[in-house]
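A quick write-up on the structure given underneath.
Chain A is the first sequence line, chain B the second, and so forth, proteins listed ahead of strands; every chain is numbered from 1.
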2 protein chains.
Amino acid sequence: MKRSAPEGTGAPANQAPTGDTTRAATDAHGHIDAPAGRTSSPGRPPSLRDVARLSGVTYQTVSRVINDSPKVRDETRLRVLAAIEQLGFRPNGAARALASGRTQVLGVLSLGTSAYETPSTLEGIESAAASAGYTVTFAGTRAPQLAAMRKAVHALVDQRVDGVILIAPLISIDVDALPLPPSLPVVAVEGAPGSRVSAVVIDQVGGSRAATKHLLGLGHRNVWHIAGPQGWFDSRGREEGWRSALAEAEIEPPPLLVGDWGHTSGYEAGRILSGLAEATAVFVANDDMALGLLRALHEGGRRVPEDVSVVGFDDLPEAAYMQPPLTTVRQEFFEVGQQSIRLLLDQIDGRTSAETRPVVPTRLVLRQSTAPPF
Amino acid sequence: MKRSAPEGTGAPANQAPTGDTTRAATDAHGHIDAPAGRTSSPGRPPSLRDVARLSGVTYQTVSRVINDSPKVRDETRLRVLAAIEQLGFRPNGAARALASGRTQVLGVLSLGTSAYETPSTLEGIESAAASAGYTVTFAGTRAPQLAAMRKAVHALVDQRVDGVILIAPLISIDVDALPLPPSLPVVAVEGAPGSRVSAVVIDQVGGSRAATKHLLGLGHRNVWHIAGPQGWFDSRGREEGWRSALAEAEIEPPPLLVGDWGHTSGYEAGRILSGLAEATAVFVANDDMALGLLRALHEGGRRVPEDVSVVGFDDLPEAAYMQPPLTTVRQEFFEVGQQSIRLLLDQIDGRTSAETRPVVPTRLVLRQSTAPPF
DNA sequence: TACGTTCATGTGAACGGTCACACACTCGTC
DNA sequence: GACGAGTGTGTGACCGTTCACATGAACGTA
């Protein structure tokens, strides 16, 4: 029933491509047509062949037109474009992909999208991809279990995406264990160093050093740190920056507090710190935890910045409106997204990019949550 | 270069259909090859035919196996599965889509993804879609201009997605003006009432009424409102709920303040309200603006909730950690995502869902930003 | 013994494009 | 006046599946 033979359109094949303007005019479909719609389709959307038939050329010529081939006479092109418009023709991506071997789709593999950073990075990815003519598909996993990740990879591979961006900032994720075809271009965001994939990294260490040194420079004798969960590249980098700045000042680091990125864990760390009179400066691994800390400090009767100075990391939009406005380290997530696409397209197009591991800078944004001690 | 004739296998054009088991056995390239990987592929990923050849059946049988057809002998199935495993075969989605007419991909059309609500909804969409065997593709626009939206729609249509979820809470967006094929299932999240698409809506009005009545119930003589930008369904619904609650109490609504959802606009509205002694209760259209308001009130020396009561909308994760913890109206974004997928799948599978316009409830979450006046 | 059934597998034709090449024309050139 | 070089357009094969149907073997049953 589906596969019916092409059948008597009644129109004899025209030999002279007259390009008759009169015809074009009379047939101008600019008029307000019946409410039903412009394409009186029998069911299946129009194909190259339908357009070809209507405009009196072969499907190949139509193909040339939709691909902007220069080898088409202007007159012909116009005729074809009119037919395309009239029929509401849109090329079939699946057929294209099958024939050409390229899908013009990029895959993003991530571990959940509710954190602020991910969607923001995604925006960068999406916009950069779009301007290069690519669409973006997501395959998420909430759990960083290998099995789930494999499944997500399969979804992408089955779709034959032209490239993959891997947002998997967990140290435990072994990129090489993922069932990615060796020929598939891959770019990792944060992490997976040493493996075959190139990566975009954020200058975590630099930002953390700047934050810690800022507090030290204010005159604090020591700086406490609320770290992110173990196993994250981000946590590690930030802790490292903090340690290195302290080491440089020859200060023995105080005990490390560890959170899980969430507000609550920052709050809990804050309960502990509230009781410690010597804790006059705290560098928190992200703004969310910093918010929790701020609240705990407030409840504990310790004023910020008079009694305790706080520096966060991320520069979320709300950081400027916290109580007090939070001094923090800004990360350019959008740029991360853009850069990762750039890198990926380089791989796809066989360009050998000079830098395989671009570092996106961070910068300290001073607001009102820090002050000299006393 | 790509289309090289099948060559140098030494095998003369075989007249016997490929299913020759003997040949398959001798020619089995399944031998343990160099550590490089399991598939000694010449370039192109393995296809049904490759698997068929290796396992001594026809491509059709392999097709049956990967589609779990019951009409395959167990022994055969095992043999095929082994070959699939050995070759690392993965079905080609494009070819599948072309032949079957279904892509198993759902499209999401939105206007940017950095707001909290969108990614959260997206998560719901993604997880529900995944468990139904669908992948999700995004087509974003930052600008709600029709031209940009059309382009995004085209990206989805060209991909031949099986259905579309439209996140476009702007009243001005005319769904029917989008170049969506009439046969394509579409579900809108919030809005676009009256058009051919079904929609998932959030009980904005109910939530707002609850918020306003709560403030009134506390003894406030009046309730001010900081609304979202004009042109959003959300803004409208929240304003409506507020108005209706006031009307019910026979209170003349105070002048409306209008923001743009951002922290800053809430802050600015707050500067105004700080100077107004009679403004003892404020219902803000979202938590972000509420945060700005809180900050402005603090700077203006007005205590919350002692001098001014504040209720927000959304229940962002940070609401509980604001200063003071914010009483707000909770929206279940994740559920919105799930519901929209459910509705969409109903359309795709031709199920006639009982409800075409499910309403996701909201609920007032009491915290510490409200109190009786004085 | 012949014969319809059932189960397992094979066959050929789509699906809607792209690719490499072949085929007319129309020129300018010697 | 035949010839090589563009142009623009057509032709056939192929991409990797699914679909509808054909075929063949094993099995009762008349």
Spacing of [X] atom [atom1] and [Y] atom [atom2] [to the nearest 0.5 Å]:
{"X": "Leu345(B)", "Y": "Leu106(B)", "atom1": "CG", "atom2": "CG", "result": "6.0 Å"}
{"X": "Leu54(A)", "Y": "Leu87(A)", "atom1": "CG", "atom2": "CG", "result": "5.5 Å"}
{"X": "Arg77(A)", "Y": "Lys71(A)", "atom1": "CZ", "atom2": "NZ", "result": "12.0 Å"}

Task: side chain to side chain donor-acceptor pair (under 3.5 Å) involving Asp68(A) - partner list, sequence neighbours excluded - done: none
Distance in angstrom units between [X] [atom1] and [N] [atom2], rounded:
{"X": "Lys71(A)", "N": "dA20(C)", "atom1": "NZ", "atom2": "P", "result": "14 Å"}
{"X": "Asn67(B)", "N": "dC19(D)", "atom1": "CG", "atom2": "P", "result": "8 Å"}
{"X": "Leu78(B)", "N": "dT9(C)", "atom1": "CG", "atom2": "P", "result": "12 Å"}
{"X": "Gln60(A)", "N": "dC19(C)", "atom1": "CD", "atom2": "P", "result": "9 Å"}
{"X": "Leu48(A)", "N": "dC19(C)", "atom1": "CG", "atom2": "P", "result": "12 Å"}
{"X": "Phe89(B)", "N": "dT17(D)", "atom1": "CZ", "atom2": "C1'", "result": "9 Å"}
{"X": "Leu98(B)", "N": "dT18(D)", "atom1": "CG", "atom2": "P", "result": "11 Å"}
{"X": "Tyr59(B)", "N": "dC14(D)", "atom1": "OH", "atom2": "C1'", "result": "14 Å"}

Can you see if the side chain of [X] gets near the phosphate of [N] - specifically, an N or O under 4.0 Å from OP1 or OP2?
{"X": "Ser100(B)", "N": "dC15(C)", "value": "no"}
{"X": "Arg49(A)", "N": "dG17(C)", "value": "no"}
{"X": "Arg96(A)", "N": "dT18(C)", "value": "yes"}
{"X": "Thr58(A)", "N": "dT9(D)", "value": "no"}
{"X": "Arg44(A)", "N": "dG16(C)", "value": "yes"}
{"X": "Thr76(A)", "N": "dT9(D)", "value": "yes"}

Open item on the list: Strictly distance-based, threshold 3.5 Å: is any side-chain N or O of Arg79(B) a donor or acceptor partner for the main-chain N or O of Ser55(B)?
Closed with: yes
Task: side chain to side chain contact (heavy atoms under 4.5 Å, CB included) partners for Leu78(A), two or more places apart - done: none
TODO: Can you figure out which of dG10(D), dT9(D), dT18(D) approaches the side chain of Ser63(B) most closely?
DONE: dT18(D)
Task: Rounded to 10 degrees, the angle between the two terminal axes of the helix from dT1(C)-dA30(D) to dC30(C)-dG1(D), each from five pairs - done: 60°
TODO: Return yes if the base of dG10(C) and the side-chain atoms of Arg64(B) contain a donor-acceptor N/O pair under 3.5 Å, otherwise no.
DONE: yes
Open item on the list: Once you apply a heavy-atom cut-off of 4.0 Å, does Arg90(B) come out as touching a base, just sugar-phosphate, or nothing?
Closed with: sugar-phosphate
TODO: Decide side-chain contact (heavy atoms from CB on, under 4.5 Å) for Val136(B) and Phe138(A); before the verdict, give the C-alpha distance in whole Å, the side-chain angles of both, and the deciding distance to 0.1 Å.
DONE: CA-CA 6 Å; Val136(B) 176; Phe138(A) 291 80; 5.8 Å; no
